[in-house]
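Some notes on the structure that comes next.
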Amino acid sequence: MEKLILIDGNSIIYRAFFAMPPLTNSRGLHTNAVYGFTNMLLRLIQEEKPSHILVAFDAGKETFRHEGYKEYKGGREKTPHELSEQFPLMRELLESFGISWFELAGYEADDIIGTLSKQGEESGLQVLVVTGDKDMLQVVSENVKVALTRKGISEVEPYGPKEIEEKYGLRPEQIIDLKGLMGDASDNIPGVPGIGEKTALKLLHQYGSVEEVLAHSDELKGKMKENLVNHAEDACMSKKLATIFQEVPIERSWEDMVFAGIQEDKAAPMLRKLEFKSLIERMAFTASPAGDASVSGDSRVVSEVDVTIVNSSTLPELTALLPQIEVMYVESYGENPHHAIVMGMVLSTPERHFFVPFEFLKSKEAGVIVSWLGDASVPKRGYDLHRADLALHWQGVSLAGEEHDVQLAAYILDPTDNNQTPSDLAAKYGLAYLTPDEEVYGKGAKFKVPDQETLSKHLARKAEVLLHIIALQRSELEKNEMNRLFYELEMPLSRILADMEKQGIAVNRADLTQLGKEFESQITKLVTRVYEIAGTEFNLNSPKQLGEILFDKLGLPVMKKTKTGYSTDAEVLEKLAPYHEIVQYILDYRQLAKLQSTYVEGLLKEISPVTGKVHTYYRQTIAATGRLSSQFPNLQNIPIRMEEGRKIRKVFVPSEEGWFILAADYSQIELRVLAHISEDEGLQEAFLHDLDIHTKTAMDVFGVSAEEVDSNMRRSAKAVNFGIVYGISDYGLSQNLNITRKEASQFIERYFQAFRGVRRYMDDIVLEAKRDGYVKTLLERRRYLPEINASNFNIRSFAERTAMNTPIQGTAADIIKLAMVLMDEALKNHGLKSRMLLQVHDELVFEVPPDEMDIMSKLVPVTMGRALPLSVPLKAEVSSGLNWYEAK
DNA sequence: CTTATCACG
DNA sequence: ACGTACGTGATAAGC
């Protein structure tokens with residue numbers, strides 16, 4: 001028998017909304033109710049295998065029920081906008097699934113369903129109604145079952161006549177009598193006061209219906225009788241309101257409701273838009289365009305791949321097809337790409353996959369592949385080519401010609417999405433299921449290189465999927481106007497970064513060891529003194545043990561707590577210093593211990609035995625703002641603020657005899673960027689005259705002349721400027737300056753009075769973020785801010801500050817990246833031997849032979865200054881010396 | 001594997 | 001009224 005499923009769309013979407021945790025896609029669209037609904041829909045389809053489906057919705061506010069009783073459904077909370085915005089999405093999704101839906105002005109979904117269930121049964125269909133509303137039980141009959149949701153919406157409980165009898169001892173049509181007597185608070189149906197489910201059932205078991213109960217009210221007594229008599233009309237009206245109308249004029253034929261299965265080509269784009277990765281996976285769509293996709297539960301059908309293992313006998317096949325290779329994937333393992341072990345690589349055309357075992361690549365006969373890899377005129381597309389390049393480099397194989405890196409493109413398209421493995425991306429784009437690496441290799445201690453067949457097939461599948469992803473990314477980049485950012489900035493930069501990393505920076509091991517000895521003797525003295533004063537030995541590195549000594553044993557006042565106990569951070573210790581002499585020693589110890597463990601010992605471990613240098617790894621796909629990050633070791637946080645730590649910089653030296661270290665840093669790049677994008681005249685004026693910006697800010701904020709600005713005023717102004725860049729808040733500023741929030745608030749107000757353009761920018765950028773769901777930098781780098789419209793103050797405020805900060809920090813990142821590309825070109829064009837070694841957000845570090853010092857001292861700041869013309873000058877200051885310390 | 005702390009821009 | 005400054009990575013404890 002054919003089966004018709006009728007779904008109460010409003011009921012289910014409401015339940016799904018409240019049952020599911022909040023969920024948004026990267027554009028900030030709320031999707032939790034749609035997600036819950038869709039999940040249920042898929043399960044229904046799978047389990048019930050319906051031939052027809054229709055989802056009914058309520059239309060408009062007024063229904064015929066309001067004509068008789070205008071308080072109907074009164075007193076309900078307004079639908080939250082987080083839910084109401086999901087209705088159109090839900091309808092769109094139903095259409096993409098090929099499921100019909102219906103609504104009709106003046107009628108509720110209940111009535112539509114009641115009408116169709118009756119007609120369905122008459123037409124010989126088996127009917128299943130899905131809803132969360134018990135009222136619906138009244139339509140149950142031999143061939144009409146009602147499935148009520150349980151536990152949110154994760155389960156449904158089907159009711160036929162038998163189940164209703166078991167649970168209530170009633171016939172389906174008596175459900176309205178039950179409601180008539182007991183009422184329904186949620187629909188504002190009164191019923192009879194004092195009568196709840198228990199009493200109502202007792203009366204109905206005895207008399208059968210509301211009318212009969214009322215007719216025999218004289219047989220009853222007490223308060224119940226009184227209420228029944230006084231509210232006889234309410235009871236009748238309540239029954240009427242609860243009665244589902246089964247004669248709705250619906251102009252739909254069964255044909256319209258036929259469900260013929262879900263078509264991938266229609267459904268996948270919608271699921272992608274909603275970013276329902278797990279559902280895409282569950283539906284096991286294949287990578288092939290528009291196939292006969294079907295809902296197959298959670299079966300993860302993976303298409304078989306053919307892969308040719310490259311060896312002496314198959315090499316000619318690959319050689320012949322080399323010009324047609326469109327995508328490559330190099331697999332390596334190990335956290336640090338400089339030390340990564342290469343397992344092998346796959347080179348693919350759209351039709352064929354070739355697996356090149358690394359062993360074979362190293363053999364003499366594979367020379368043709370090696371020269372193909374190193375040929376910059378052959379464009380390479382793949383995933384994390386930066387890592388591949390480094391891993392191969394230390395094995396003596398060059399990679400060149402990188403044109404499209406899928407990982408980097410994914411980062412550019414959404415820099416805050418941390419799930420960018422090929423497997424994640426396959427799911428995100430609704431492509432074939434790709435087994436995550438973890439499942440193939442195991443993780444941590446369990447990591448194991450699989451057998452060649454498993455490995456080669458896994459890699460071939462990756463390559464296959466990457467090929468599809470590349471095409472999708474190209475059109476997305478184009479659509480977002482990010483082609484230049486990606487192909488002309490980020491891709492060339494990745495090549496430059498890899499070169500800098502391979503080059504490395506020389507570290508004087510002897511000097512570093514000596515520095516370590518000096519730190520060590522100071523540390524020993526401090527530790528001894530602290531133990532003496534404390535009267536006991538303990539682990540000074542343990543905040544827990546330290547807290548016990550300071551607060552329990554010595555009874556110092558607790559300033560701040562952490563989740564786990566007392567806070568002992570520097571801010572707290574500074575405040576405690578006047579109370580007890582031990583505190584200063586602890587602060588000094590902390591400082592030295594940090595230098596020793598992170599910068600002396602840590603750095604020593606990173607010196608390559610091969611080159612005597614440290615080779616950091618710049619990650620280009622981490623920072624949400626577009627900045628780089630540096631790892632193994634991090635060379636972007638080498639101490640400079642305190643003299644003790646700054647000495648570490650002395651061990652960073654040129655790698656060639658007689659050369660120099662030259663460093664150039666942008667002066668106030670973020671505030672200059674702010675002056676440009678906010679078009680604030682005062683700020684622009686200040687930079688055009690190259691004024692000391694903090695002094696100028698102090699003058700304007702405090703209303704004094706340059707001579708009257710004292711160091712304290714300048715310090716405050718500097719903090720305000722930082723705050724402005726970070727997306728200011730009075731609280732944050734008050735913390736930083738150790739003043740009250742009110743005072744901080746006044747500072748900010750005075751700042752905005754003086755720099756009106758900045759205020760306008762701050763206001764506008766937040767509005768822009770709310771409108772578009774993202775903010776962007778001058779070079780069209782985006783950052784999505786899904787939380788910008790959050791109802792939670794904290795979450796929303798964070799997003800607002802991010803909206804203010806990201807265009808500033810991000811544009812500064814754009815600029816120095818541009819400068820790096822330009823410098824790389826300039827070095828080549830001038831035929832210079834100087835090398836770019838490091839980038840520290842607003843600073844570039846070079847090593848320079850003596851005869852190039854003159855030209856580099858001019859070339860570097862000029863190139864940096866010209867990287868991106870703004871309405872204010874970009875200023876780069878250069879200095880040099882025998883080591884990084886001297887280049888200050 | 002998470003937490004606290006601290007180094008940088 | 002709410003209660004945080006923006007962006008990172010390394011180390012040592014302690015579960």
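First the proteins, then the strands, lettered A, B, ... as listed; each starts at 1.
When heavy atoms are screened at a 4.0 angstrom cut-off, A:S797 is found touching no nucleic acid atom at all. Residue contacts for A:A624: at a heavy-atom cut-off of 4.0 Å it reaches the sugar-phosphate backbone alone, with no base atom in range. Using a 4.0 Å heavy-atom cutoff across all strands shown, A:S729 reaches at least one base atom of the nucleic acid. A:I640 comes within 4.0 angstrom of sugar-phosphate atoms only, judged by non-hydrogen atoms across all strands, and of no base. Residue contacts for A:A812: at a heavy-atom cut-off of 4.0 Å it reaches no nucleic acid atom on any strand shown. Note on A:A719: a base of the nucleic acid sits closer than 4.0 angstrom, heavy atoms only.
The separation between A:Y411 atom OH and C:dG7 atom P is 12 Å, rounded to whole Å. Regarding A:E670, its CD atom lies at a distance of 13 Å from the C1' atom of B:dC8, rounded to whole Å. Distance A:R801 CZ to C:dT4 P: 9 Å, rounded to the nearest Å. Going from atom CZ of A:R796 over to atom P of C:dG3 covers 13 Å, rounded to whole Å. Distance CD (A:E843) to P (C:dG7): 22 Å, rounded to an integer number of Å. In this structure, A:L733 atom CG and C:dC6 atom C1' are separated by 14 Å, rounded to whole Å. A:E644 places its CD atom 16 Å from the C1' atom of B:dC6, with the value rounded to the nearest Å. Going from atom CD1 of A:I724 over to atom P of C:dT4 covers 20 Å, rounded to whole Å.
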For nucleotides 9-15 of chain C, 5' to 3', base contacts (B), sugar-phosphate-only contacts (S) and non-contacts (-) with protein non-hydrogen atoms under 4.0 Å give BBSSSSS
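Counting only heavy atoms from C-beta on, A:N736 has its side chain closest to C:dA5 among C:dC2, C:dT4, C:dA5. Checking B:dT3, B:dG9, C:dC2 against the side-chain heavy atoms of A:N794 singles out C:dC2 as nearest. If you check C:dT4, C:dG7, C:dA5 against the side chain of A:T802, the one that comes closest is C:dG7.
More than 12 heavy-atom neighbours from other residues, nucleotides or ligands sit within 6.0 angstrom of CD on A:E643.
Side-chain atoms of A:R714 do not come within 3.5 Å of backbone N or O of A:A698 as any donor-acceptor pair. Of the possible donor and acceptor atoms, one in the side chain of A:N883 sits under 3.5 Å from a partner among the backbone N and O of A:Y885. For the pair A:T616 (side chain) and A:P633 (backbone), a donor-acceptor distance under 3.5 Å is present.
Taking the P atom of each, B:dA7 and C:dT4 are spaced 22 Å apart, rounded to whole Å. As rounded to the nearest Å, B:dC6 and C:dA5 have P atoms that lie 15 Å from one another.
Interface remark: the A:R783 side chain does not form any donor-acceptor pair with the C:dG7 base, using a distance-only criterion of under 3.5 Å. For A:Q636 against B:dC8, a side-chain-to-base donor-acceptor contact under 3.5 Å is absent. For B:dT3, the base has no donor-acceptor partner in the side chain of A:T564 [N/O atoms by modelled type, under 3.5 angstrom].
Of the side-chain N and O atoms in A:T806, none sit less than 4.0 angstrom from OP1 or OP2 of C:dC6. Contact annotation: A:R627 side-chain N/O to C:dT8 OP1/OP2 distance is not under 4.0 Å. Phosphate proximity of B:dG9 to A:R641: present, with a side-chain N or O under 4.0 Å from OP1 or OP2. Applying the 4.0 Å criterion to OP1 and OP2 of C:dG3, one finds that A:R741 has every side-chain N and O outside that range.
Across all strands shown, B:dC6 forms a Watson-Crick or G-U wobble pair with C:dG9, both key distances being under 3.5 Å. C:dG14 and B:dC1 make up a base pair, with Watson-Crick or G-U wobble contacts both under 3.5 Å.
A stacked arrangement is not assigned to A:F798 and the six-membered base ring of C:dT4, the conditions of a centre distance below 5.5 Å and an interplanar angle below 30° not being jointly met.
Heavy-atom minimum distance, A:V653 versus A:N508: CG2-N, 4.2 Å.
Taking the six-membered ring for Trp and thresholds of 30 and 60 degrees, A:W884 and A:F652 have ring planes more than 60 degrees apart, a perpendicular arrangement.
A distance below 6.0 Å separates the ring centres of A:F747 and A:F702. Remark: aromatic rings of A:Y589 and A:Y585 are distant, center separation not under 6.0 Å.
A side chain to side chain contact (heavy atoms under 4.5 Å, CB included) with A:L540 is found for exactly one of A:L526, A:I549, A:L546, namely A:L546.
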